[in-house]
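Heads up: the structure comes next, in structure tokens.
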Amino acid sequence: MNSATRLNSATRLGAFVLVLGAVFAGAYGAGALIGPVGGSNAAGHETQGGRETQGGHETPGGHGTETTASGPGGLAMSADGYTMRQLSGSPRSGTAGEFAFEIVDAHAAPVTRFQTSHDKQLHLIVVRRDLAGYQHLHPQMSPDGTRRTELTLAEAGDWRVFADFLPEGRDRRVILGLDVPVAGTYQPQALAAPAATVNIDGYTVAADGHLVAGRTSRLTLTVTRSGAPVTDLQPYLGAYGHLVALRAGDLAYLHVHPQQTAAAGPVITFDVEVPTAGTYRVFLEFQHNGVVRTAQFTALAN
Ligand SMILES: [Cu+2]
């Protein structure tokens, strides 16, 4: 029945083999590192998307071609002259509460001026240290710079909260990370094995790309539903998808640049700055029929 059908289509889509972790022997030619493996329609589609996009995006100077100018973000609560300060108490597991914080500058003065990037002034990403429980929130800011949001952490554990923002006058995003412990019994979950496809609420997301340490890697995601390409994705945060990638082990938060496309699916393309070889957890949010869903998968970089 249903699950069997889904399994079938998943198997068929397995043709989009994700090359993450594939061996490449000293080939530094850009073309060889990225590219469709399955030779699928969707992947072929993406090849023409190599052109630079404009689209009045927030990253001045274009995106996609810049090399890794700074390391990954999110490893510290202070970086680039900014500090994230938690103002609310420790959340309790399974209980809705308010999470409050502020961003302060090097003189401990609250920062209140931000540029809008990806449609918002500040993105708050919440994930447990074992990479379970991903949430993406947009706290409201008071005039004094305090930001508040309702937050429910279903389970105990060591949670990590990332603030991702673009301060006024800067051209590079700042990502700060804060540990938020939640008391209780914590049973860390093992990270899922790397997979080329993920199923979520009847949608299948197929990933194609080759993450290579020390450079910007293109990651192409194709969204299908019941085997049919989804071509009417809805804009979400200024693009047809939003991607967050975290390194397993320390939750380094990678810089990701969406490639603007005219087509509303089924292919969504990102350039991901991968700092090192290792295991990454990738969270793709996409909107369809008014609902935002998050497809999560594990990827290897070498
Ligand atoms: Cu956001």
Side-chain angles (χ1 to χ4, degrees), residues 55-60 63 72-75 77 79-80 82 84-86 88 91 98-103 111-128 131-142 145-153 159-168 170-178 180 200 205 219 221 223 233-247 251-261 264 268-273 280-288 290-297:
H57 218 63
E58 82 292 351
T59 321
H63 41 359
L75 292 173
M77 60 190 277
D80 302 323
Y82 299 90
M84 182 181 188
R85 283 211 303 222
Q86 185 177 342
S88 52
E98 185 188 71
F99 183 75
F101 66 99
E102 62 184 355
I103 305 297
V111 177
T112 57
R113 300 169 82 90
F114 298 82
Q115 299 177 57
T116 297
S117 59
H118 302 300
D119 267 3
K120 300 286 179 182
Q121 287 198 343
L122 185 144
H123 304 263
L124 196 75
I125 302 295
V126 181
V127 70
R128 207 167 59 176
L131 292 164
Y134 178 89
Q135 296 185 47
H136 181 168
L137 306 167
H138 300 113
Q140 292 295 314
M141 188 180 73
S142 308
T146 301
R147 287 186 184 269
R148 296 184 169 83
T149 181
E150 187 174 291
L151 177 65
T152 305
L153 300 175
W159 291 81
R160 187 82 173 160
V161 175
F162 299 97
D164 177 343
F165 58 96
L166 188 59
E168 195 170 76
R170 285 182 57 103
D171 61 2
R172 186 98 186 158
R173 316 179 64 75
V174 176
I175 297 145
L176 307 177
L178 202 62
V180 177
I200 167 93
V205 177
L219 193 55
L221 299 139
V223 184
L233 290 172
Q234 295 161 325
Y236 172 63
L237 302 174
Y240 285 115
H242 185 272
L243 191 93
V244 168
L246 301 173
R247 183 167 61 191
L251 271 53
Y253 187 111
L254 308 196
H255 294 282
V256 174
H257 312 276
Q259 293 295 307
Q260 298 292 54
T261 55
I268 319 170
T269 304
F270 298 90
D271 286 333
V272 186
E273 295 178 29
Y280 294 85
R281 188 71 169 165
V282 177
F283 303 88
L284 170 73
E285 293 164 79
F286 61 96
Q287 181 167 259
H288 190 234
V291 180
V292 176
R293 295 182 170 84
T294 306
Q296 314 184 10
F297 59 95

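Just so you know, ligand 1 is whichever comes first in the structure, and atom 1 is the first atom listed for that ligand. Heavy atoms only: backbone and side chains are in, while hydrogens, waters and symmetry mates are out.
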Degrees at the Cu ion (ligand 1) between the NE2 atom of His136 and the NE2 atom of His138, nearest 10°: 110°

If you define the side chain from C-beta out and look only at heavy atoms, does anything of Val111 sit under 4.5 Å from Phe165? no

Do Tyr236 and Glu285 have a side chain donor and acceptor closer than 3.5 Å? yes

Taking the N/O/S atoms of His123 one by one, which is nearest to the Cu ion (ligand 1)? ND1

Scan Leu151, Leu124, Ile125, Thr149 and name whichever one has a side chain to side chain contact (heavy atoms under 4.5 Å, CB included) with Gln135. Leu151

Is the distance between the Cu ion (ligand 1) and the nearest N/O/S atom of His242 smaller than 2.8 Å? no

Over 12 non-hydrogen atoms of neighbours within 6.0 angstrom of CD in Gln140: no

